[in-house]
Amino acid sequence: RRRRGRSPAEDSERFKVGKLKQVCKYLFAGNDALLPHVAGVIGTEVDLDAGIDAAKLLRDVEELVAERWRGEPREVLVDAFSLRTAYQDSADASKDAVRS
């Protein structure tokens with residue numbers, strides 16, 4: 001669903017940035033050195049004119065992880081909204097297809 005005034009490219013970038021934020025929330029929560037940076041990642045807004053897109057956010061995240069990751073990650077609780085049965089069903093179907 002596209003909002004007025006947004007291009008398909010901007011909608012696509014917003015979707016990708018949103019997915020990247022979800023992954024980073026759990027990745028950063030699992031490491032004390034990265035935890036303080038969660039707000040910066042979550043607060044990132046797409047601005048194609050300023051060059052802020054999913055690729056830029058990914059580069060920034062990669063840099064943070066390379067510079068600050070320390071030790072072993074902690075276990076992080078995953079909320080009910082993050083557990084999608086479709087992912088498990090898809091994985092199970094793939095395994096079954098390989099076995100046949």
Side-chain angles (χ1 to χ4, degrees):
R1 184 172 74 185
R2 190 169 58 213
R3 291 189 183 189
R4 289 185 180 173
R6 285 192 194 158
S7 68
E10 185 176 357
D11 281 344
S12 174
E13 287 305 310
R14 285 179 180 276
F15 176 80
K16 291 186 247 180
V17 165
K19 291 300 180 185
L20 188 53
K21 286 179 183 183
Q22 288 176 341
V23 170
C24 288
K25 184 171 77 172
Y26 294 106
L27 174 70
F28 284 27
N31 191 283
D32 289 333
L34 291 170
L35 191 56
H37 302 280
V38 170
V41 171
I42 300 300
T44 300
E45 294 293 330
V46 172
D47 184 344
L48 297 180
D49 293 333
I52 302 171
D53 58 8
K56 164 96 170 73
L57 180 57
L58 181 58
R59 286 190 303 273
D60 292 348
V61 167
E62 287 174 335
E63 186 176 302
L64 282 168
V65 170
E67 290 176 359
R68 302 183 194 269
W69 185 273
R70 301 290 178 260
E72 294 294 318
R74 287 189 319 269
E75 289 187 19
V76 177
L77 293 176
V78 179
D79 64 26
F81 291 108
S82 298
L83 297 174
R84 307 268 190 239
T85 58
Y87 295 136
Q88 188 59 46
D89 292 346
S90 175
D92 292 344
S94 294
K95 288 178 189 174
D96 291 342
V98 170
R99 288 185 204 148
S100 337

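Residue numbers run from 1 in the order of the sequence given. For clarity, every value in this text was computed on a predicted model and none was experimentally measured.
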K.L.:
Under a single-linkage definition using a 4.5 Å side-chain heavy-atom cutoff for Ile, Leu, Val, Met, Phe, Trp and Tyr, are Val65 and Val23 assigned to the same hydrophobic cluster?
P.N.:
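Looking at the clustering, Val23 is in a separate group from Val65.
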K.L.:
Check for me, please, whether Leu35 and Val61 land in the same ILVMFWY cluster - side-chain distances under 4.5 Å, paths through other members count.
P.N.:
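In one cluster: yes.
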K.L.:
Using a strict threshold of under 4.0 Å (side-chain N to carboxylate O), is an ion pair present between Arg59 and Glu63?
P.N.:
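No salt bridge links Glu63 with Arg59.
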K.L.:
CG of Leu58 to NZ of Lys16: how many Å apart, nearest 0.5 Å?
P.N.:
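With rounding to 0.5 Å, CG (Leu58) is 10.5 Å from NZ (Lys16).
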K.L.:
Return the CZ to CG distance between Arg6 and Asp11, rounded to the nearest 0.5 Å.
P.N.:
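Reported to 0.5 Å precision, the distance equals 6.0 Å.
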K.L.:
Could you tell me which non-hydrogen atom of Glu10 sits nearest to which non-hydrogen atom of Val46, and how far apart they are?
P.N.:
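Looking at all heavy atoms of both residues, the shortest contact is CG-CG1, 4.3 Å.
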K.L.:
Would you say Leu34 and Val38 are hydrophobically clustered, going by side-chain heavy atoms of ILVMFWY under 4.5 Å?
P.N.:
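Shared cluster, yes.
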K.L.:
Please name the pair of heavy atoms, one in Ala33 and one in Arg70, separated by the smallest distance, quoted to 0.1 Å.
P.N.:
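Shortest heavy-atom separation between Ala33 and Arg70 comes out as CB-CG, 4.0 Å.
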K.L.:
State the SG-CG distance between Cys24 and Leu64, to the nearest 0.5 angstrom.
P.N.:
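Spacing of SG (Cys24) from CG (Leu64) equals 8.5 Å.
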K.L.:
Closest heavy-atom contact between Asp53 and Val17?
P.N.:
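Looking at all heavy atoms of both residues, the shortest contact is C-CG2, 3.9 Å.
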K.L.:
Do Phe15 and Leu20 share a hydrophobic cluster, counting only Ile, Leu, Val, Met, Phe, Trp and Tyr and linking them when any side-chain heavy atoms are less than 4.5 Å apart?
P.N.:
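Different hydrophobic clusters.
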K.L.:
Can you name the closest pair of heavy atoms from Ile52 and Glu45 and give their distance?
P.N.:
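Nearest heavy atoms, Ile52 then Glu45: CG2-O, 3.2 Å.
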K.L.:
Atom NZ of Lys19 and atom CG of Leu57: how far apart are they, to the nearest 0.5 Å?
P.N.:
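One finds 14.5 Å between NZ of Lys19 and CG of Leu57.
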K.L.:
Does Asp47 have any side-chain hydrogen bond (donor to acceptor under 3.5 Å, both in side chains) partners at least two apart in sequence or in another chain, and if so, which?
P.N.:
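Testing Asp47 for side-chain hydrogen bond (donor to acceptor under 3.5 Å, both in side chains), a comparison that skips the adjacent residues, returns none.
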K.L.:
Between atom CG of Asn31 and atom CZ of Arg68, what is the distance when rounded to the nearest 0.5 Å?
P.N.:
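Nearest 0.5 Å value for the CG-CZ distance: 11.5 Å.
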K.L.:
Quick check for you: to the nearest 0.5 Å, what is the distance between Asp60 atom CG and His37 atom NE2?
P.N.:
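One finds 12.0 Å between CG of Asp60 and NE2 of His37.
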